[in-house]
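Any value given below was found using the heavy atoms of this structure, including those in side chains, with hydrogens, waters and symmetry copies removed. All residue numbers refer to positions in the sequence shown, counting from 1.
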Amino acid sequence: MKRIIAIADDLSGAAETAAAFLTEHAGTRSDAAQSAQTVPGKTRPDDGAPLVCLLPHLPEELATALRNLMQDANRGVDRLLVLETDNRRFPADAAAGRLRQVLDSFPVGNHSPTAFLKIDSLLRGPVASQLEVLSADGPVILAPALPPLGRSTFNGTVHHQGVPLHKTTLWHAEPSVPPATIAAALQSLATTLVELSTVRGGGETLAAALKDASAGQPFPVVVCDAEMQADLDAIVSAALTIPGVRFAGASALGAALGASMARTAGMAPNGSAAVVHSSIGELTTGDFPLLVVGSASGPAREQLQALADNGVAVITLSPADLLAGTADLVLLEEALAAGPTAVTVDAATVDPAVSARLADALARTVAPLAKDRPLMLTGGETARSVLDALGVQRLSVQGEIEHGAVLSLAPDGNPVVTRPGSFGETNSLRTILAVLAGNPTPPPPLTGNPPKTHSPLPTAPQPSLPGKGPSMNFVDPAGLPYVAVTMGDGAGVGPEVVVAAVLDPKINAECKPVVIGDALRLRQAADILGIEADIQTIVSVEDAVFTPGRVNVIDLALLPADLPWGQLSPVAGHAAYEYIRVASELAMARKVQAICTAPLNKEALHAAGHVFPGHTELLAQLTGTEEVSMMLSTPKIKVIHVTTHIGLMDAVRKINPALVERTIRRGHEALIRAGIPNPKIGVCAINPHAGEGGLFGQGEEAEKIEPGVKAARESGIDVTGPLPADTLFFLAGRGDYDLVVAMYHDQGHGPVKVLGIEAGVNITVGLPVIRTSVDHGTAFDIAGKAIADSRSMVEALHQAAEMATRPAVAV
């Protein structure tokens, strides 16, 4: 059987690649299901498991890794080898040189393996220089699509959630601008494009197209469009007919290669075998897991808070002490002696230029306490540094606990979980810890007062917030949640509906609204409405005083006094962005428990240089959230969307079973949080009459929707579908369903707006903090005329208060 050697430029990516391969290739090992389901503590790694080899010092470790691979093959054990080069932190020339050393070390002739270069799905890092080396000796098939995260390639351009990469802010931390196309990212390399329609032609047609596209000298990089895993499977099957072919892409392409190897071996891929559902075995005192969280992302902070809220000690170390070698570990030692413990760094004051040094310092500091115990390591740089400090040079990959969270065994049998720092929802670390601690599922969230952590949790940087409040939740003594209310576009109806809503007596009995906006504009709106409002500027949430008739506003003072009502303004667009940014910082710092937004104008937002499709995508970026869903709620019906602000053709291409399942799960969790214990969910079809057995459409229901519905149903969710959309909305309107899952924007928005736009609410599901919004736009035609209806804003605040005060559930 042809062997595959994968090469990855960071540790979390290497583990993710190995796990993706294992999921598809597990059927080639007779003991795969058993070993992946229960990994006993202190056991030897399985012979057939994919092996990740860390290569900090070429070529010594490389020679050893390849020699072991050949020995395995001679013993009849075929395994995937993933070589982790750590190239992400190297300059382009150095990364190219290191990759050249790896490729030159491969066996030649009949024993030459197929090379797979795992690259970042967003094309970050020294991608061009490494692909230049990879294509020097043979054709390269490049397919960077990553369907599990909603990343696809269409017309040679990377898309995230249907939006072209260069129109997102996913490159905000990179020193250069994002490339408009993959060809542009590869600079001077010769490229050819195989479009999606050709990929889906499959079979001999696709094989011939790939062969023609890869011909020539120097060998071109063949860029392949792909949106679904099936597209990547087709690409691999066709490309393997090309002599000397090499592959480059994200971990999803590794899964396709794994499936191909399973078929070659005569085994059926077994996607469930590599998913870890069970425990690693009983742990004794002293074996308590240690979680080292090196990421400062918003999701990481939320996940740490969830741990702390459930009694897990979270120790925060000072960056200055770590770099100076003077960190005090007494609290960490005491916590580990008593139970599972997480350690992190207060990254609010960290200079990004020293992040690599800080990761190394953290690793050196915790290494003595990390030895001989189960480990959870988040952030590729931190994970690699900790394992280097422990002398671990290889990992035997057992499977995934959840997407990106990979369980491996070190050579001494100790379990190690690695995961990118920004991955996972609120309870992600709790789920991983449950597996490491010997429990198949995490315990339910605690009620009442949670135990105190041993040291404060890190807070998000707040350059725009002058106060220094507490780093934990700031909740009113009466138990009412604080809600950040953003003013929206100051030229629209936002200021009017905000003033009216925050003064509503019922709202003030449910929550403590704090407006983020411009005090002057709010006073102008109150004058237009003829409302007696005491609008007071405050510096921080803690300064807010709630008395009848008072409006508390954190005043950013961004709008001119003569800003016209009802006219498009880049100034107002920029201000609307800043209101959201500050509200997000307050939420991530735990100063507020929910966000409620007045409408912004997308054209004004874009004119100000903030290129986001809308509030949903903007908030996801500001909070470091990979994927969110839009839910519309009225008193009569609730709808969650699989896709939103993209064209209809793009929406149909984007829909896939995994995205459908994740959307159903987010909707289910949101309804539970809203007080519906066993929600009944209906899922719309794409085509009329649900395709009517293939009469309409091209089988999209069977291919894109049904597997996702089945997976959600098998996990215990009461979900039905796909159903004809017109029938489903009728049934939901009369009360048969608590939630409708719509496939695209207008399929869900049309019925909702007919049934209740005045009281409609837009809820963003999947963020670390609940966010609600009015279900209408800026209404420039009536702005400043005192006729705007505030009922939707009142309802949005009501639902924000209701969901923020419920037990912490990941939504």
task: Using atom types as modelled and distance alone, determine if a side-chain donor or acceptor of T344 lies under 3.5 Å from a backbone N or O of V293.
output: yes
Can you give me the closest heavy-atom contact between [X] and [Y], atom names plus distance?
X	Y	result
A327	L322	CB-CD2, 4.0 Å
V397	A15	CG1-O, 4.4 Å
I580	L619	CG2-CD2, 3.8 Å
E661	A712	CG-N, 4.2 Å
P411	V392	CD-CG1, 4.1 Å
N414	D372	ND2-CA, 3.3 Å

Query raised in the report: When you check the gap from the basic side-chain N to the acidic O, do R384 and D388 get nearer than 4.0 Å?
Result: yes
Do D543 and S540 pair up side chain to side chain, a donor and an acceptor below 3.5 Å, judged on atom types alone?
yes
Which of R666, R151, R665 passes salt bridge (Lys or Arg N to Asp or Glu O under 4.0 Å) with E627? It is R666
- Item | Residues V592, V514; criterion side-chain contact (heavy atoms from CB on, under 4.5 Å); working and verdict | CA-CA 9 Å; V592 299; V514 175; 5.6 Å; no
Which of T341, L304, V343 passes side-chain contact (heavy atoms from CB on, under 4.5 Å) with V314? It is L304
inquiry  = Would you say that L332 contacts L290 through its side chain, given a criterion of any heavy-atom pair below 4.5 Å between the two side chains?
reply    = yes
| query | Given the rule in the side-chain contact (heavy atoms from CB on, under 4.5 Å) test, do L429 and R419 qualify, once you have shown the distances and angles that lead to the verdict? | reply | CA-CA 10 Å; L429 292 182; R419 197 206 64 187; 4.0 Å; yes
When rounded to the nearest 0.5 angstrom, what distance separates [atom1] in [X] from [atom2] in [Y]?
X	Y	atom1	atom2	result
T764	I770	OG1	CD1	8.0 Å
E542	I538	CD	CD1	9.0 Å
E84	S12	CD	OG	8.5 Å

